[in-house]
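Side chains included, hydrogens not; waters and symmetry mates left out as well; all remaining heavy atoms used.
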Amino acid sequence: QAQFVESGGGLVQPGGSLRLSCAASGFTLDYRAIGWFRQAPGKEREGVSCIRQSGSYTYYTYYADSVKGRFTISRDNAKNTVYLQLDNLKVEDTAVYYCATRRDCTGYGTGRDFGSWGQGTQVEVSS
């Protein structure tokens, strides 16, 4: 089945770092756009970051204002995996993090028209 498998979450203190992985299963990344999303208890899902590829060596990345400068998205098509490096984590970053795919990054702020969602990985930032 075509879906993602997220991993790398855990418990970390404020200011700490984590590296999340999003492995594609049942399909290849190709030129697909991949987005990272998160959802905290009682809150709506929000887009965190998105990466798209328009050519063999051309990539475009997007970040939510709340994570810009702290999170970094990357992809390794050979490994069929997308990564999200989380640095300088804050308590408000606590959420379940998901990844999904679309032809481009349009609407990544809410995940509109994204698919192949995984089960997510829990990130908890606490002192």
Undergrad: Start with the C-alpha gap between Arg52 and Cys105, add the side-chain angles, then the distance that decides, and say whether side chain to side chain contact (heavy atoms under 4.5 Å, CB included) holds.
TA: CA-CA 7 Å; Arg52 71 178 180 90; Cys105 288; 4.0 Å; yes
Undergrad: Report the residues that fulfil side-chain contact (heavy atoms from CB on, under 4.5 Å) with Thr106, sequence neighbours left out, ordered by chain and then residue number.
TA: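 Thr106 satisfies side-chain contact (heavy atoms from CB on, under 4.5 Å) with Arg102, Asp104 once adjacent residues are dropped.
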Undergrad: Can you check whether Ala95's main-chain N or O pairs, donor with acceptor, with Gln39's side chain at less than 3.5 Å?
TA: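 Answer holds: no.
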Undergrad: Rounded to the nearest 0.5 Å, what separation is found between the OG atom of Ser49 and the CD1 atom of Ile34?
TA: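 Here the rounded value is 11.5 Å.
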Undergrad: Give me the ring orientation class for Tyr108 and Tyr62: parallel if the planes are under 30° apart, tilted from 30 to 60°, perpendicular past 60°.
TA: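 Tyr108 and Tyr62: tilted rings.
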Undergrad: So, for Leu20 and Gly9, which heavy atoms are closest and what is the spacing to 0.1 Å?
TA: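 Scanning both residues completely, I find the closest heavy atoms to be CD2-N, 3.6 Å.
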Undergrad: Go through the steps for Trp117 and Phe37 under the test ring-ring contact (aromatic ring centres under 6.0 Å, His included), then give the verdict.
TA: CA-CA 10 Å; Trp117 299 85; Phe37 309 85; 4.8 Å; yes
Undergrad: So which pairs with a foot in residues 118-127 pass salt bridge (charged side-chain N to carboxylate O under 4.0 Å, His left out), sequence neighbours left out?
TA: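 Listed by first then second residue: nothing to list.
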Undergrad: As a test of understanding, state which of Val67, Val123, Ile51, Val48 forms a side chain to side chain contact (heavy atoms under 4.5 Å, CB included) with Leu84.
TA: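 Exactly one candidate clears the test, Val48.
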Undergrad: If a pair satisfies side chain to side chain donor-acceptor pair (under 3.5 Å) and one of its residues is in residues 82-101, list it, with sequence neighbours excluded.
TA: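 Found Ser17-Asp87, Arg38-Asp93, Arg38-Tyr97, Arg70-Asp93, Gln85-Asp87.
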Undergrad: Please report the interatomic distance CD(Glu6) to SG(Cys99), rounded to the nearest 0.5 Å.
TA: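 If we round to the nearest 0.5 Å, Glu6:CD and Cys99:SG are 4.0 Å apart.
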Undergrad: How are the rings of Phe27 and Phe4 set to each other: parallel, tilted or perpendicular (split at 30° and 60°)?
TA: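 Phe27 vs Phe4 ring planes: perpendicular.
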Undergrad: Which atoms form the tightest heavy-atom contact between Val82 and Trp36, and what is the distance?
TA: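 The pair with the smallest heavy-atom distance is CG1-NE1, 3.7 Å.
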Undergrad: Please find the pair of heavy atoms, one from Val96 and one from Gln119, that lie closest to each other, and give the distance.
TA: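 Reported closest heavy-atom pair: CG1-O, 4.4 Å.
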Undergrad: Going through the distances and angles, do Phe71 and Ser66 end up as a side chain to side chain contact (heavy atoms under 4.5 Å, CB included)?
TA: CA-CA 10 Å; Phe71 293 4; Ser66 60; over 6 Å; no
Undergrad: So if you build clusters from Ile, Leu, Val, Met, Phe, Trp, Tyr with side-chain heavy-atom gaps below 4.5 Å, do Phe114 and Tyr63 land together?
TA: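 Result: no, two separate clusters.
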Undergrad: Check Gly115 against Ala100 and note the closest heavy-atom contact, atom names and distance.
TA: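 Closest approach of Gly115 to Ala100: O-CB, 3.3 Å.
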Undergrad: Given 3.5 Å as the limit, does a donor-acceptor pair link the side chain of Asn80 with the main chain of Leu29, or not?
TA: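 Confirmed, Asn80 side chain pairs with Leu29 backbone.
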Undergrad: Looking only at heavy atoms, what is the nearest atom pair of Leu11 and Ser126, with distance?
TA: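 Looking at all heavy atoms of both residues, the shortest contact is CD1-CB, 4.2 Å.
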Undergrad: Do Gln53 and Asn77 meet the criterion of a side-chain donor-acceptor pair at a distance under 3.5 Å?
TA: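 Checked: Gln53/Asn77 side chains pair up, N/O donor to acceptor below 3.5 Å.
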